[in-house]
Protein chains: 2
Amino acid sequence: MTPNRKKPNINTTPVELMPDFQFAISVDCVIFGYEENTLKVLLIKSDLPAFANKWSLLGDLLHPDEDLDAASYRVLRDRTGLDNVFLEQVHTFGQVNRHPAGRVVTTAYYSLVNIRHHQLSQLDNELHWHPVNDIHEMAFDHKKILDTCLKHLQKKVQEEPVIFNLLEQKFSLRDLQNLYEAILDVKLDRRNFRKKLFTTDLLTDIHEMEQDVPHRPGKLYTFNHARYAKMKKKTFVGIDF
Amino acid sequence: MTPNRKKPNINTTPVELMPDFQFAISVDCVIFGYEENTLKVLLIKSDLPAFANKWSLLGDLLHPDEDLDAASYRVLRDRTGLDNVFLEQVHTFGQVNRHPAGRVVTTAYYSLVNIRHHQLSQLDNELHWHPVNDIHEMAFDHKKILDTCLKHLQKKVQEEPVIFNLLEQKFSLRDLQNLYEAILDVKLDRRNFRKKLFTTDLLTDIHEMEQDVPHRPGKLYTFNHARYAKMKKKTFVGIDF
DNA sequence: GCAAAAGTGTTCACATTACACCCATGG
DNA sequence: CCATGGGTGTAATGTGAACACTTTTGC
């Protein structure tokens, strides 16, 4: 293979070399939620003939005058009515034949939402929350996208306290531990978990207790955003297991 | 904001809704090399009028029948003559006005190569290896892309032994430590560094010594690919500092 | 009073850090 | 013989993992 500086280069060639082929760019959102001690993902039934009855992620084509990140926020907002939620880009999937409608390169994002905060579930029969562990087959390459985003989430929750986006504002330590266990698919020691979480100093004891539980009620906490913002400036905050 | 399931959705709408607007997709490669105790990156002078005399990454438009990953391998191969090198996708940049030629969404990859293994430097005046720390301004949004890839590399070298891609096949522990220090921008204790590297069991003592050094010569090692492959199957291999 | 989960400390093994002296080579 | 970096070990500290009993509530 002979190197050759005359090879085409998007960064050094003039405008007229823009392609004559029709590419499409889309975003797909892996929207995670947490309910009944189970990590779930919001899916829609595909009505493309090639994928009849398969579930797919929520996505849409990028608009001509829209930033890529903005497109993913738009999809999320249009589908869940939620705004100001955690959303992060993960990976771009560009296999030639991944979409039957033509050449569509898609950028995958994942989002962490509180299931109770969106009003959608009853309004839309085509949208469903699926337990992540029950999903084995999906339309397009969406299973691969989901797996990639889940792995990313597992890494992320051990590096930064993004996990609180999935919980109610007030939560018990048991809630929090269950959620870590659901995401990481591990069992954690209760005493060590509590110790570790308290040493991060990210929980505020609001001096309230669980209500209507058939056992000794636990204390409720909130996530201390302000303290986290302060800590983040100085150094990174890891929550490793 | 009212949720609405009739919003356009690339995964559920028929073929005829493909866009009528001309998007372009490109890949940009951040090619890292290591030379003279310095982490470097391979850049080319942009000849777009908007970016006269600014340096840019190596990139090209995605071809219609080409996977996204394949495009980045092609760019790398065409530019350096190198094949079978480490290359990984990092992030996709899709700001509306990031490219003056039109709407170009670009996916950034980074690559780790051995500078001495490519024959290019003398052949092509427009390509240069730049010390990463000396780069303050670049064409397009390439400084941001470079920064993103550098951060990714810093994380990656502490999680997996990819760093050996930057070194000669035979190297001294000092070489290896210098490289970690250059990438992470830290100073490491020599004794602790050696201990840690030996406990990973990834170095093979080839019973050779440095030549022509003006001090006591150090032992040379190679990276034990076979052992790493075996370890990787069982568990992840971290090299944290 | 029984079931179910909350709350709480200590010990041990291991990993990380800090730190100083002699050795081999080239000039 | 001098300058330069190679090579080596130990003690202190911090971190992660394992582990059991008492308390509070609803029923």
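Every chain is numbered from 1, with letters handed out A, B, ... down the list of sequences. Below, each value reflects all heavy atoms present in this structure, side chains not excepted, and no hydrogens, waters or symmetry copies.
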Is there any salt bridge (Lys or Arg N to Asp or Glu O under 4.0 Å) pair reaching into residues 33-43 of chain A, and which pairs are they, with sequence neighbours excluded?
E35(A)-K40(A), E36(A)-K40(A)
Residues that N192(B) engages under side chain to side chain contact (heavy atoms under 4.5 Å, CB included), provided they are two or more places apart
D189(B), K195(B)
If you count the non-hydrogen atoms of other residues, nucleotides and ligands that lie under 6.0 Å from NZ in K54(B), is the total more than 12?
yes
Nearest whole Å is fine: how far is dG9(C) C1' from R191(A) CZ?
8 Å
Anything under 4.0 Å to a heavy atom of chain A counts; send over the first and last such nucleotide of DNA chain D, read 5' to 3'.
dG16(D) to dG26(D)
Residues in salt bridge (charged side-chain N to carboxylate O under 4.0 Å, His left out) contact with R227(B), at least two apart in sequence or another chain:
D201(B)
With sequence neighbours left out, the residues meeting side chain to side chain contact (heavy atoms under 4.5 Å, CB included) with D212(B) are none
I'd like to check the salt bridge (charged side-chain N to carboxylate O under 4.0 Å, His left out) partners of K219(A); sequence neighbours left out, ordered by chain and number.
D205(A)
Filter on salt bridge (Lys or Arg N to Asp or Glu O under 4.0 Å), then keep only pairs touching residues 176-185 of chain B, sequence neighbours left out; what's left?
E181(B)-K187(B)
Using the test salt bridge (charged side-chain N to carboxylate O under 4.0 Å, His left out), find all partners of R190(A) that sit at least two apart in sequence or belong to another chain.
none
The correct set of residues in residues 167-186 of chain A placing a heavy atom under 4.0 Å from DNA chain C is R174(A)
Within this structure, what is the CG-to-C1' distance between D189(B) and dA20(C), rounded to whole angstrom?
11 Å
H215(A): which residues meet the side chain to side chain contact (heavy atoms under 4.5 Å, CB included) condition with it, sequence neighbours left out?
E210(A), V213(A)
Which residues satisfy the side chain to side chain contact (heavy atoms under 4.5 Å, CB included) test with K156(B), sequence neighbours excluded?
F86(B), E88(B), Y110(B), E160(B), V162(B)
For atom CZ of R194(B) and atom C1' of dA18(C), their distance in whole Å
17 Å
Report, as a single string ordered 5' to 3', how protein heavy atoms within less than 4.0 Å touch nucleotides 10-17 of chain C: B base, S sugar-phosphate only, - not at all.
B-----SB
